[in-house]
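Taking it in order: structure first as structure tokens, then the write-up.
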Amino acid sequence: MTIRTRFAPSPTGYMHIGGMRTALFNWLWARHNGGQFILRIDDTDQQRNVEEALQPILQAFRWLGLDWDEGPEVEGPHGPYFQSQRGDLYRAAAEELIAANRAYFDYDTPEQIQADRTEAEKEKRQYLNIRRSLELTDDEKRQLEANGRQPVLRFLVQRDEKIAIDDDVRGHVEWDCGLISDPVICRADGSPLYNFATVVDDAQMEITHVIRAEEHLTNTAVQALIFQALGYELPTFAHIPFVAAPGTKEKLSKRDKKIEKYRKMPQFKKMFDAADRVFPRIGLGSSETLNPVMVEYYEQIGYLPEGIFNALSRLGWSYDDKTEIMSREFVVENFTLDRVVKSPAGLDPDKLDSYQQHWMNELSIEEKTNGCIPFLERANLKADGLHPVGSPEARDGIARLITALGERLTIFSDILDYDEYFVPDDELQFDEKAFNKRLRKDETAAKLLRKFRTQLETVEPFDAATTDACLHTFCEAEGIKMGQIIHALRVATTGKPKGPGMFDCLELLGRERCLNRIDRALAAVK
RNA sequence: GGCCCCAUCGUCUAGUCAGGCCUAGGACAUCGGACUUUCGCUCCGACAACGGGGGUUCGAAUCCCCCUGGGGUCACCA
């Protein structure tokens, strides 16, 4: 039997990171078994701009490298893949249920239902819908319809039964049908509701494994009942834990109110801060428009799909007791449902960064350069303050900077922290605290720097090794330690108290810019 | 509140199904230390968990029961 899994997003305009993890597990299970992964669009609810709202979702799949065998754009033998276009299938299934007396038209108004519910609540008893419409004669129904009453279609739950599933993650789970209200399966206009459409679709698309988040576990009772009533074989269910907000066991939510809360949580804060730092500079709004609950956040701020893939794979799943770093191929090869964890897994930004760091460091200088350039371009920076960063002349300098940066880049947008290499000398900002400490208050250092400046004027060639040797000789001649001047030199040339190796910095900047900057710094000391 | 699910370091997890190999392993974070002109990297070290109570057993993180706690869900949303 070919394994077939699916993910069924509704077109909301963005991809939720928790949803992405669910999609990933579905994709992994299909790929691990040489099966198929299907994308189906649950657009029964909204009608406008489906295409527009869908694109970011498809983009997230493409970016992470989760390809789909059937679905939008690729189509396939079980289409259409938009629920809004599958009305005939639902209608036929509904008629089948009606004919078999497993579904009935309910003429109660929403107000009536609400009243029933309130009353049950008042009497502290579990609400179960009252099947008044079952008592209606055909004449009465006609009468109601003539008065404009539009019935909904309800599935008739056999209340004396039990329903059970054997979940691949949870094990045996059982419900008492006597506690389950008859679910509405079609609205008055005939449009299907989720619990019904999903069953019809999963059956028709021959889905073998329904892998979804735990929050759907309760729905499964009703869905299993409908599968049975329609004579379909039950797929295998696997309810994986949902992705929780950092440091909590609560489902990671997309709601604005929660987002505001996340923004202040210590574990999450740095991701929001990064968004506020980076996105405005590259014309993408701020954390208000793009936040770490969305997959797009990670793409736009410069994470690697490999890093996110690795992190998401380890969220609720493990290979063994020590393997952390895993390639796509490794996970596909080894992913099994029996190693899925049962309890909710909190997204951990720190750990995510550690995976990211690993995969970033696997990249060649060329690949890193390619990843960084778009950020420099969008931030409108000029290489050596002159050439557009996209130009071939600029590329070599950027590549040399990235080489000097070594393992200091975690995400591509980190390159923006080194904008001192891209601004004109007269626009260089000196870190005030460092400037005070290393130049203003340290008069000896400033004096030494003035003296060393003349050496830099003539040292030849102006590269890291030679300037390094030059400073050593200088220190020896002056009878000082490197530490007495080098900090002042660093702050004067780069504006910052930290960064790559000092002499790499000098070489990167070149003689002219170094001298300009030293002059400017020394002038500012007075 | 009803129903359902879950419960090991701060976090992600290994170990639970087949009880002893667990004085509970790894990773991230944190804190020390080494290296370095700074930052980072790297290396070394430290801290740190079986929610509680009863059983069963020679022996329980592992099996059983109860309690507690957390979460999910109860729509003419998905």
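Predicted model only: the values in this text are computed from it and were never measured. Below, read A as the first sequence line, B as the second, and so on, with proteins coming before strands; counting in each chain starts at 1.
A/Y303 and A/Y298 have perpendicular rings, their planes meeting at more than 60° on a 0 to 90° scale where under 30° would count as parallel. Between A/F268 and A/Y262, the ring planes lie tilted relative to each other; the angle falls in the 30° to 60° range. Classified by interplanar angle (parallel below 30°, tilted 30° to 60°, perpendicular above 60°), the ring pair A/F452/A/F474 is tilted.
Listed candidates were B/A75, B/U73, B/C76. Nearest to the side chain of A/T218 is B/U73. Nearest nucleotide to the side chain of A/R187, out of B/C4, B/G72, B/C77: B/C77. In this structure, the nucleotide among B/U38, B/G72, B/C77 sitting nearest to the side chain of A/K498 is B/U38. In the set B/U37, B/U73, B/G1, the nucleotide with an atom closest to the side chain of A/H487 is B/U37.
Residues A/T403 and A/D504 fail the side-chain proximity criterion, which asks for heavy atoms closer than 4.5 Å.
Residue contacts for A/H216: at a heavy-atom cut-off of 4.0 Å it reaches a base atom on one of the strands shown. Here A/F242 lies in heavy-atom contact (under 4.0 Å) with sugar-phosphate atoms only. Across all strands shown, A/P500 has heavy atoms under 4.0 Å from base atoms, whether or not it also approaches the sugar-phosphate. A/D108 comes within contact range of at least one nucleobase, with a heavy-atom separation under 4.0 Å. Residue A/N219 is in base contact, counting any heavy-atom pair closer than 4.0 Å across all strands shown. Among the protein residues, A/K251 comes within range of the sugar-phosphate backbone only, with heavy atoms under 4.0 Å from sugar or phosphate atoms but none that close to a base.
Only the P atoms considered, B/C67 is 43 Å distant from B/C31, to the nearest whole Å. Here the separation of B/C6 from B/C66, taken at their P atoms, is 15 Å to the nearest Å. On the P atoms, B/C17 is 15 Å away from B/C65, given to the nearest whole Å. If you take atom P in B/C12 and the same atom in B/A18, they sit 27 Å apart, rounded to whole Å. As rounded to the nearest Å, B/G25 and B/G45 have P atoms that lie 14 Å from one another. Taking the C1' atom of each, B/G55 and B/G15 are spaced 23 Å apart, rounded to whole Å. When the P atom is compared between B/U56 and B/C50, the two are found 24 Å apart, to the nearest whole Å. Across the C1' atoms, B/U11 and B/A29 are found 7 Å apart, a figure rounded to whole Å.
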Nucleotide by nucleotide, nucleotides 5-28 of chain B touches protein heavy atoms under 4.0 Å in the pattern (B base, S sugar-phosphate only, - none) BSS---BBSSS---------BBBS
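Atom pair A/R149:CZ and B/C76:P shows a separation of 16 Å (rounding to whole Å applied). Note: CG (A/L439) to C1' (B/U37) measures 15 Å, nearest angstrom. In this structure, A/E250 places its CD atom 11 Å from P of B/U73, rounding to the nearest Å. Rounded to whole angstrom, the span from the CD atom of A/Q484 across to the P atom of B/U38 amounts to 14 Å. Rounded to whole Å, the distance from CG on A/D442 to P on B/U38 is 16 Å. Remark: C1' of B/U38 and CG of A/L405 are 14 Å apart, rounded to the nearest angstrom. Atom-to-atom, CD of A/Q126 to P of B/U73 comes out at 16 Å; the value is rounded to the nearest Å. The distance between atom CD of A/E407 and atom P of B/C39, rounded to the nearest whole Å, is 17 Å.
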Check the pair A/D108 / A/R154 against salt bridge (Lys or Arg N to Asp or Glu O under 4.0 Å), numbers first and verdict last. CA-CA 11 Å; A/D108 281 358; A/R154 279 187 194 272; over 6 Å; no
Show, in sequence, the C-alpha distance, side-chain angles and deciding distance for A/K251 and A/E214, and conclude whether the salt bridge (Lys or Arg N to Asp or Glu O under 4.0 Å) test is met. CA-CA 10 Å; A/K251 193 169 76 169; A/E214 184 194 346; over 6 Å; no
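Pair assignment for B/A27: B/U11, on the basis of Watson-Crick or G-U wobble contacts that are both within less than 3.5 Å. Summarising the base pairing, B/C74 is matched to B/G1 through a Watson-Crick or G-U wobble pair whose two defining distances lie under 3.5 Å. Across all strands shown, nothing is found opposite B/C35 as a Watson-Crick or G-U wobble partner with both distances under 3.5 Å. Checking B/G69 for Watson-Crick or G-U wobble geometry (two distances, each under 3.5 Å) identifies B/C6 as its partner. Summarising the base pairing, B/C58 is matched to B/G20 through a Watson-Crick or G-U wobble pair whose two defining distances lie under 3.5 Å.
From A/K270, atom NZ reaches atom CD of A/Q267 across 10.5 Å, with rounding to the nearest 0.5 Å.
Aromatic pair A/Y194/A/H216: centroids less than 6.0 angstrom apart. In summary, the aromatic rings of A/F335 and A/F25 are positioned with their centroids under 6.0 Å apart.
Residue A/R117 places none of its side-chain N or O atoms closer than 4.0 Å to OP1 or OP2 of B/C74.
Here the rule is side-chain contact (heavy atoms from CB on, under 4.5 Å) with A/I486, and of A/L448, A/L471, A/L449 only A/L471 fits it.
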